[in-house]
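Below is one structure, written out as structure tokens, with a few remarks after it.
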There are 2 protein chains.
Amino acid sequence: MSDSPPSLDPVQLGTYFDLIEVTSLLRHAVEQQLRETGDLSYVQFQLLARLGDSPTGSHRMTDLADGVVYSRSGLTYQAGLLEKAALVVRAPSSDDERSVTVTITDAGRTLLAKVLPGHIEVVRGLLFEPLSHDDVKALASLLAPVRDHMRSAPPRSAAPRRRKGDA
Amino acid sequence: MSDSPPSLDPVQLGTYFDLIEVTSLLRHAVEQQLRETGDLSYVQFQLLARLGDSPTGSHRMTDLADGVVYSRSGLTYQAGLLEKAALVVRAPSSDDERSVTVTITDAGRTLLAKVLPGHIEVVRGLLFEPLSHDDVKALASLLAPVRDHMRSAPPRSAAPRRRKGDA
DNA sequence: TATTGTTATACTCTATAACTATA
DNA sequence: TATAGTTATAGAGTATAACAATA
């Protein structure tokens, strides 16, 4: 199948390990803060944040699923939890009766506002404290192409159901 | 408590989001590969990899827990699964009868060897493809201080039971 | 026929607390 | 008394497949 060298060079390997370690620790710390402060999981926070960022406070289920969650049923589950907590409202979309539009409520915005400062403080204290402004810029400029590459080359993850063309 | 500005600057925020997105996608892709190729979760792979890296092929449970897993019972669970799959053996430590020494088996090493090439290929194809060697070095030099900082400042995560001094 | 979303179900993983045994 | 590990248990999260409704 392939005869390329089957290993990463030591720098790559160490970088990969550091990346995994750093984000695991960061994720863990942030999840704890979100749970304590707002009784939110990270996925739930991401959903609320996306809705809060939207000019309308709304998104279709599919758009949310494509960004945050990996399966549709998973999103239905999470949206159900958020709706039960009155942080979100679901309603049939006006233009496409199949779609469901999710909208953040005032309570959702309030909770988001309550949770955000601590969230940011954790991120700053853990991730950014040892980095200068120039370091952050450098990091950003390294991550951007990786992000774009990953977005453009869905390895074979995602594919919640079956996307566009497919054998 | 604190009157520091309650938000990250746009560059920091974008960097944080990119970091989360990149590692989420990478993690997801890698987990899928591990599951398909070796029926391993990422945690299980990490445990096997740690044991395989050790000169003796062994580690104490506690040492494994401190690096990979966040609760002791979680490690017991995972070690139990690995042992049931004959990838690992557990035995009381010779020097400290309270401790349990986990050792990777030949089958464990075989599985590790089977899984590693694909693992590395996913990491290279997804993470390193858009980065030059200098980019990787730069990324490594940015992640290292963050990693050290996080290790030295356990925010209040981990603490599986109760560490050294504690109120 | 394809797409959107939900439901039922099953499974994996994680964490807390109670417990045993050794240092 | 503190440390190492296990167990029981409970809960959160995820994915697959079958389903209903609209385009």
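Chain A is the first sequence line, chain B the second, and so forth, proteins listed ahead of strands; every chain is numbered from 1. Reckoned from all heavy atoms, side chains included, excluding hydrogens, waters and symmetry mates.
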ILVMFWY network linking B:Val68 to B:Tyr77, side-chain heavy atoms under 4.5 angstrom:
no
note: B:Tyr77, atom OH; D:dA12, atom P; distance rounded to Å ~ 17 Å
State whether A:Gln44 places a side-chain N or O below 4.0 Å from either non-bridging phosphate oxygen (OP1 or OP2) of D:dG13.
yes
Atom-to-atom span, CZ of B:Arg60 to P of D:dG5 - whole angstrom:
6 Å
Nearest-Å distance for atom pair CG/P, residues B:Leu64 and D:dT6
11 Å
Does the side chain of A:Val11 reach to within under 4.5 Å of the side chain of A:Thr15, using non-hydrogen atoms?
yes
Do the side-chain N or O atoms of B:Arg72 get closer than 4.0 angstrom to the phosphate oxygens (OP1, OP2) of D:dA4?
yes
Are A:Thr62 and A:Arg72 side-chain neighbours, meaning at least one heavy-atom pair lies under 4.5 Å?
yes
What integer distance in Å separates B:Arg35:CZ from D:dT16:P?
12 Å
Length of the line joining A:Asp63:CG and C:dG5:C1', which is rounded to integer Å
13 Å
For A:Glu31 and C:dT14, give me the distance from atom CD to atom C1', rounded to whole Å.
11 Å
More than 12 heavy atoms of other residues, nucleotides or ligands under 6.0 Å from CG of B:Asp106: yes or no?
no
Side chains of B:Leu64 and B:Gln78 in contact at under 4.5 Å (non-hydrogen atoms):
no
Closest approach to the side chain of A:Met61, judged atom by atom: which nucleotide of D:dG5, D:dA15, C:dG5 is it?
C:dG5
For the pair made of CG in B:Leu75 and P in C:dT16, what is the distance, rounded to whole Å?
15 Å
Residues in contact with DNA chain D, drawn from residues 79-100 of chain A - heavy-atom cutoff 4.0 Å:
A:Leu81, A:Asp96, A:Glu97, A:Arg98
Side-chain N or O of A:Gln78 closer than 4.0 Å to phosphate OP1/OP2 of D:dT14:
yes
Is there a side-chain polar atom (N or O) of A:Ser73 under 4.0 Å from OP1 or OP2 of D:dT14?
no
Please determine if a side-chain N or O atom of B:His59 lies less than 4.0 Å away from the OP1 or OP2 oxygen of D:dA4.
no
Inter- and intrachain pairs under salt bridge (Lys or Arg N to Asp or Glu O under 4.0 Å), touching residues 12-22 of chain B, at least two apart:
A:Arg147-B:Asp18, A:Arg151-B:Glu21
B:Arg50 side chain reached by B:Asp53 side chain, heavy atoms, under 4.5 Å:
no
Nearest-angstrom distance from the residue atom CG of B:Leu47 to P of C:dC13:
11 Å
